[in-house]
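Take a look at the structure set out below.
Heavy-atom basis, side chains included; hydrogens, waters and symmetry copies ignored. Count residues from 1 along the sequence.
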Amino acid sequence: MKTYKTQQIKNIALLGSKGSGKTTLAEAMLYECGVIKRRGTVENGNTVCDYFPVEKEYGYSVFSTVMYAEFGDKKLNVIDCPGMDDFVGSAYTALNVTDTGIILVDAQYGVEVGTQNIFRTTDELHKPVIFALNQLDGEKADYENVMAQLKEIFGNKVVPIQYPINCGAGFNSMIDVLLMKQYTWGPDGGVPKITEIAPEYMEKARELNNALIEAAAENDETLMDKYFEQGMLSEEEMREGIRKGLIDRNIYPVFCVSALRDMGVRRMMEFLGNVVPFIDEMPAPKNTTGVEVKPLSDAPTSIFVFKTTVEPHIGEVSYFKVMSGTLKVGADLNNMTRGSKERIAQIYCTSGQIRTNVDELYAGDIGATVKLKDVRTGNTLNEKGCEHIFNFIKYPAPKIQRAIKPVNESDAEKLSEILNRMHEEDPTWEVEQSKELKQTIVSGQGEFHLRTLKWRIENNDKLNITFAEPKIPYRETITKAARADYRHKKQSGGAGQFGEVHLIIEPYYEDAPLPDTYKFGSQEYKMSIRDTQEIPLDWGGKLVIHNCIVGGAIDARFIPAIVKGLMDRMEQGPLTGSYARDVRVCIYDGKMHPVDSNEISFRLAGRNAFSEAFKNANPKILEPVYDVEVLVPSDKMGDVMSDLQGRRAIIMGMSSEKGLEKIQAKVPLKEMASYSTALSSLTGGRSSFTMKFASYELVPGDVQEKLLKEYEASQVEE
């Protein structure tokens, strides 16, 4: 295979909603450039992109696939991304290591929620966008309606390069208004017949050609001047104007294709090769110190590993982008992230499972290697003396959580290893060993996302697992002051145990005045503070402890033991065993025994005194509440609103956003456990949502009562 210079390389992400035809288009692109001799189909399970067993089982893409196409003395690196919102992590990865996004739109269904979500991501990353209207040969295809949607939602930057003559089941011809040619295909697609535009289509073609010239000219002052003077631009000048417009996101060209019948695919690839920006024309990425790293082939070599897979008969495959320099076979590199050394024994250019050996890759190129010793997704590998570290991929927050455990408890360690490996393959599968909940929690982007994880563990790794709803990380706190004392006394022969602690607790808040006098019933307790400890809690809030003991009632050496007892109960609250927070404690009295007092005695006395006082301080349970934002088609708005209200949601606002309704609400985490599935069911998969932790809020009285009863019952069972 030929080695391509940086100025010959273009990196492209293939994006779109589920069912828009990305995998089929990728197959046609590989066929057109000769990587494959025969096109596979999703239905037959023999496509280049969907080659993992889980993808063949479910019939949809789960992982992104890295491909290359040699076309017109240029190399197009293309990353085909899954369309389901559950696998959006692949799109984030792909857009961060490529320079242009092709967004497929199903001409039968138009702009979907997934289309808008993907577009929003390209906007965040400031990546050029090309729209490709696919399935124009579908019975429900409606070009004019889809173009109207695109313009309404994404604005007048949407400019057609092509339009179909006969949209629908009879689609076989289109007009290209950049080349001003007519393309016609036979029943099986493939190579088109290119002719002059028929007279009956010329008026519309000229109108769209003028609109395209104007849109191209707007991106360059010289071109604009020429357009004003002559009223036209040459084909090369139009390409230059479109290229600059793509870089600045001032133009979104629209192409027409039927990926299944290979119509329009070659023409779109010509555009990619001739017009889409090269790597060195795009803004350079920055390393972790904020320094731009330009793709210079004569600079020190630095590669960024953006994807890792484990493939049968091969093992671990690491996919990387050459950020700078030239990577050669046999290169010795330092892993800047993990502090280890690696030798690159082989370099491949890949198209799914098809791997082609190469000797070197220049800056900006994308490749793969195998059997590295200690490399993970997100690692940077450099030649000696190069200090770059990259960490520019930011993934969306999870939307769903499940507690996971093996059916056989003895497989716990094996499961942990598998989950860590799965996270490497897809960083949006997050894994947490929760000390608080005493569960292993896996988080993902949706029900299908976690179902896929489960399928792979059970079918690929032959380990049976169970999913359950995770426990909710409640918090416990108090709302008024309370007093308690507790004597721990134990005598069983030999040295005994004795410790007595008197304390007062009250709610803590920032800048609260120091305690002075408390009154309980008819008795007053005056505090004389000798010492204060402020303990910031890992789970939020504080525990503040005032030592108010006078007269040596408790020796100072026992105070740390009492504090440990208090922390025992902060870590396992008296109401439900959840973490407690925001409590201030005054230890004001107690008793010692000259022989039997020891640390364990005062730890137990402090813990039990705290529990008793806590239960008398009008305790409350707090629950995590999340900010939830739902994008929903207007015809499903009522159903989604009703469902949210049934989940104790507080609606914070509603607005329209480019053809969709946006609902903003605060919803308790407890009510979000099945929301991903419910929303998909309510809207036929046409909605999406995001959720982000907002705050801890008091649970309603009936909910608190239920939680207390459940905890008491669980304690009795144990």
Side-chain angles (χ1 to χ4, degrees), residues 1-13 66-68 70 73-79 93-100 125 127 277-308 316-350 355-393:
M1 177 181 173
K2 176 183 173 181
T3 299
Y4 289 85
K5 306 281 182 160
T6 301
Q7 295 76 17
Q8 297 173 294
I9 299 167
K10 301 188 179 189
N11 296 327
I12 298 156
V66 179
M67 311 177 298
Y68 72 90
E70 297 178 274
D73 201 36
K74 300 176 184 71
K75 185 185 181 194
L76 308 179
N77 290 312
V78 180
I79 302 181
T93 299
L95 281 168
N96 273 279
V97 297
T98 59
D99 302 302
T100 302
L125 299 173
K127 300 289 183 176
F278 288 100
I279 290 164
D280 56 353
E281 294 178 297
M282 296 299 296
K286 295 180 179 179
N287 63 21
T288 52
T289 62
V291 175
E292 277 195 351
V293 180
K294 295 183 178 180
L296 302 174
S297 297
D298 56 356
T301 301
S302 177
I303 69 173
F304 174 72
V305 178
F306 64 85
K307 172 181 163 71
T308 307
E316 203 165 87
V317 181
S318 301
Y319 295 85
F320 59 83
K321 180 177 182 180
V322 183
M323 306 303 291
S324 69
T326 301
L327 180 68
K328 298 184 178 182
V329 168
D332 290 313
L333 303 179
N334 297 321
N335 188 328
M336 305 300 290
T337 317
R338 300 177 67 83
S340 54
K341 293 186 177 181
E342 300 285 349
R343 169 161 286 190
I344 308 299
Q346 295 167 299
I347 303 174
Y348 300 104
C349 289
T350 68
R355 282 174 288 275
T356 305
N357 279 288
V358 292
D359 294 327
E360 59 185 359
L361 293 177
Y362 286 93
D365 212 342
I366 288 173
T369 189
V370 296
K371 298 178 181 177
L372 298 180
K373 294 181 297 183
D374 186 33
V375 172
R376 303 287 182 268
T377 301
N379 288 181
T380 305
L381 278 65
N382 295 339
E383 70 173 64
K384 187 176 180 181
C386 182
E387 299 297 323
H388 298 316
I389 299 178
F390 298 97
N391 183 27
F392 46 73
I393 303 178

Looking only at atom types and distance, does a side-chain atom of [X] sit under 3.5 Å from a main-chain N or O of [Y], one as donor and one as acceptor?
X: Thr288; Y: Phe390; answer: no
X: Asn287; Y: Thr289; answer: yes
X: Lys341; Y: Leu333; answer: no

Any heavy-atom pair between the side chains of [Y] and [X] that's under 4.5 Å?
X: Phe278; Y: Lys74; result: yes
X: Ile366; Y: Val66; result: yes
X: Val375; Y: Lys373; result: no
X: Ile347; Y: Leu327; result: yes
X: Lys10; Y: Ile279; result: no
X: Cys349; Y: Leu361; result: yes
X: Lys328; Y: Thr326; result: yes
X: Val97; Y: Asn11; result: no

Straight-line distance of [X] [atom1] to [Y] [atom2], nearest 0.5 Å:
X: Gln7; Y: Ile9; atom1: CD; atom2: CD1; answer: 8.5 Å
X: Lys294; Y: Met282; atom1: NZ; atom2: CE; answer: 14.0 Å
X: Glu342; Y: Ile303; atom1: CD; atom2: CD1; answer: 9.0 Å
X: Asp332; Y: Thr301; atom1: CG; atom2: OG1; answer: 11.5 Å
X: Phe306; Y: Phe320; atom1: CZ; atom2: CZ; answer: 9.0 Å
X: Arg338; Y: Asn379; atom1: CZ; atom2: CG; answer: 6.0 Å

Search all heavy atoms of [X] against all heavy atoms of [Y] and return the closest pair with its distance.
X: Ser324; Y: Val293; answer: CB-CG1, 4.0 Å
X: Asn96; Y: Ile393; answer: CB-CG1, 3.6 Å
X: Lys5; Y: Tyr362; answer: NZ-OH, 3.6 Å
X: Asp99; Y: Lys127; answer: O-CD, 4.1 Å
X: Gly364; Y: Pro295; answer: N-CB, 4.4 Å
X: Ile79; Y: Thr98; answer: CD1-CG2, 3.9 Å

Check the side chains of [Y] and [X] for a donor-acceptor pair under 3.5 angstrom, ignoring hydrogens and angles.
X: Ser297; Y: Thr6; value: yes
X: Asn382; Y: His388; value: no
X: Tyr348; Y: Gln346; value: yes
X: Thr350; Y: Tyr319; value: no
X: Tyr4; Y: Glu70; value: yes

Quick one: do Asp365 and Lys321 make a salt bridge, cutoff under 4.0 Å?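 Salt bridge between Asp365 and Lys321, a charged N being under 4.0 Å from a carboxylate O: no.
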Sequence neighbours left out, what passes salt bridge (charged side-chain N to carboxylate O under 4.0 Å, His left out) with Asp298? Give chain and number order.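 Asp298 satisfies salt bridge (charged side-chain N to carboxylate O under 4.0 Å, His left out) with no other residue.
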Lys2 atom NZ, over 12 foreign heavy atoms within 6.0 Å: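 For Lys2, atom NZ is crowded (more than 12 foreign heavy atoms under 6.0 Å).
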Please step through side-chain hydrogen bond (donor to acceptor under 3.5 Å, both in side chains) for the pair Thr377 and Thr308, ending with a clear verdict. CA-CA 6 Å; Thr377 301; Thr308 307; 2.8 Å; yes
Check step by step if side-chain hydrogen bond (donor to acceptor under 3.5 Å, both in side chains) holds for Asn335 and Asp374. CA-CA 8 Å; Asn335 188 328; Asp374 186 33; 5.3 Å; no
Given Ser302, which of Leu381, Ile389, Thr380 fulfils the side-chain contact (heavy atoms from CB on, under 4.5 Å) condition?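 Going through the options one by one, the only one that passes is Thr380.
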For side-chain contact (heavy atoms from CB on, under 4.5 Å), just list the numbers for Glu316 and Lys371, CA-CA rounded to whole Å, side-chain angles, deciding distance to a tenth of an Å, and then say yes or no. CA-CA 6 Å; Glu316 203 165 87; Lys371 298 178 181 177; over 6 Å; no
One pair to check against side-chain contact (heavy atoms from CB on, under 4.5 Å): Lys75 and Gln8. What are the steps and the verdict? CA-CA 6 Å; Lys75 185 185 181 194; Gln8 297 173 294; 5.9 Å; no
